[in-house]
Amino acid sequence: MSSETSDTLDQAMVRSSGLDTLLRDLTDRAVREVPGAAACSITVRRAGRLLTLAGSDGLPSGLDQRQYENDSGPCVEAAETGEEQYAPDLVEDSRWPSYTSYALSEGVRCVLAVPLAVEGETGAAINFYGVRADALGTGRDAARTFAARARDAIDVALHIERQRQSAADVRTALLSRSVIDQAIGILMARDRIDAGLALERLRRASQNRNVKLRDLCGQLVARVSDPDSDRRK
């Protein structure tokens, strides 16, 4: 991806007030650009399970979720096999009976799922839904072209999301380390012991009470900082 493309996407995210809105705009644009598409969604495998990153306006909330729950459906197969899945008429399609019944009840008649090779993820697809039999037949080339363009935007969005999560994890780790160090200091001063023994006592207490070490230390620091807190409860 060129730096120019990346800058353009970053600016778009600023204008759209975040990743969720950017991806939602992407699916809405797909509906406008792919002939026969009434709705669109983006499926990605995260932490070992499939989920919908974004869905266009008008997408029934359970349309993708039913597939994930049953591990069966065009979106699932496209994401897991890397092969395009097209069901021109769900009335006549017998590959995913449970999903087909639900989709038809929601007014969906045909589905096209195009796999996405998303960086850092093990499976992804962009899914197009039509309300008439073979509604997407003439739009398959447009859907593939859109998927190729969308992949770059999705890569950027997921990369930024991972960076944010990493930064949040670092902040959490630093805060945890800080409160643990404070609790160790409290025990050292109160019981006149060294840091190693203080940490061992805290760990034993954490295990015995089935409380996370960070939370136990936070409670100790809070009691010392505000001795009247327990009496107010």
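Nothing fancy with the numbering, it's 1 onward along the sequence.
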Taking it one step at a time, do R109 and L104 satisfy side-chain contact (heavy atoms from CB on, under 4.5 Å)?
-> CA-CA 6 Å; R109 190 72 180 270; L104 287 171; 4.1 Å; yes
Intermediate values then yes/no, side-chain contact (heavy atoms from CB on, under 4.5 Å), S41 and Y129 | CA-CA 9 Å; S41 67; Y129 300 93; 3.8 Å; yes
For Y86 and D93, run side-chain contact (heavy atoms from CB on, under 4.5 Å): C-alpha distance rounded to whole Å, both residues' side-chain angles, the deciding distance at 0.1 Å, then the answer.
-> CA-CA 10 Å; Y86 183 48; D93 201 301; over 6 Å; no
List the steps and the verdict of side-chain contact (heavy atoms from CB on, under 4.5 Å) for Y99 and V111.
-> CA-CA 11 Å; Y99 171 70; V111 183; 4.1 Å; yes
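Contact between C75 and D64 at its shortest, heavy atoms only, is SG-OD1, 3.8 Å. Between P115 and G82, the shortest heavy-atom distance links the atoms CG-O, 3.3 Å. Of all the heavy atoms in A30 and A37, the pair that sits closest is O-CB, 4.5 Å. Closest heavy-atom contact between L197 and D194: N-OD1, 2.8 Å. Across all non-hydrogen atoms, the minimal contact from L90 to T100 is O-CG2, 3.2 Å. Considering all non-hydrogen atoms of both residues, C110 and A135 come closest at SG-N, 3.5 Å.
Taken to the nearest 0.5 Å, the OG1 atom of T43 stands 4.0 Å off from the CG atom of N127. Note that CZ of R132 and CG of D89 are 12.0 Å apart. Values are rounded to the nearest 0.5 Å. Distance CG/L50 to CZ/R45: 4.0 Å, rounded to 0.5 Å. Taken from CG in D71 to OG in S98, the straight-line distance is 12.0 Å, to the nearest 0.5 Å. Between the CZ atom in F146 and the OG1 atom in T27 there is a gap of 8.0 Å [rounded to 0.5 Å]. E69 CD to Y102 OH: the interatomic distance, rounded to the nearest 0.5 Å, is 9.5 Å.
Cluster membership for L213 and I186, using ILVMFWY side-chain heavy atoms within less than 4.5 angstrom, is shared. Cluster membership for V114 and V76, using ILVMFWY side-chain heavy atoms within less than 4.5 angstrom, is not shared. No continuous path of ILVMFWY side-chain contacts below 4.5 Å connects L63 to L23, so the two sit in separate hydrophobic clusters. Note: the hydrophobic cluster containing V108 does not contain L136 (ILVMFWY, side chain heavy atoms under 4.5 Å, direct or indirect links). Linking ILVMFWY side-chain heavy atoms closer than 4.5 Å, directly or via other members, places L26 and V31 in two distinct hydrophobic clusters.
A donor-acceptor contact shorter than 3.5 Å is absent between the side chain of D57 and the backbone of D28. With S101 contributing its side chain and P97 its backbone, the two residues share no donor-acceptor pair below 3.5 Å. The backbone N or O of Q67 lies less than 3.5 Å from no partner atom in the side chain of S72, so there is not a single donor-acceptor pair.
Put simply, the side chain of W96 does not reach to within 4.5 Å of the side chain of N70, judged on heavy atoms. Q182 has its side chain out of reach of V224: every pair of non-hydrogen atoms, C-beta onward, lies at least 4.5 Å apart.
Between R149 and E33, at least one side-chain N (NZ, or NE/NH1/NH2) sits under 4.0 Å from a carboxylate O, which counts as a salt bridge. Between R140 and E84 a salt bridge is recorded (basic side-chain N to carboxylate O distance below 4.0 Å).
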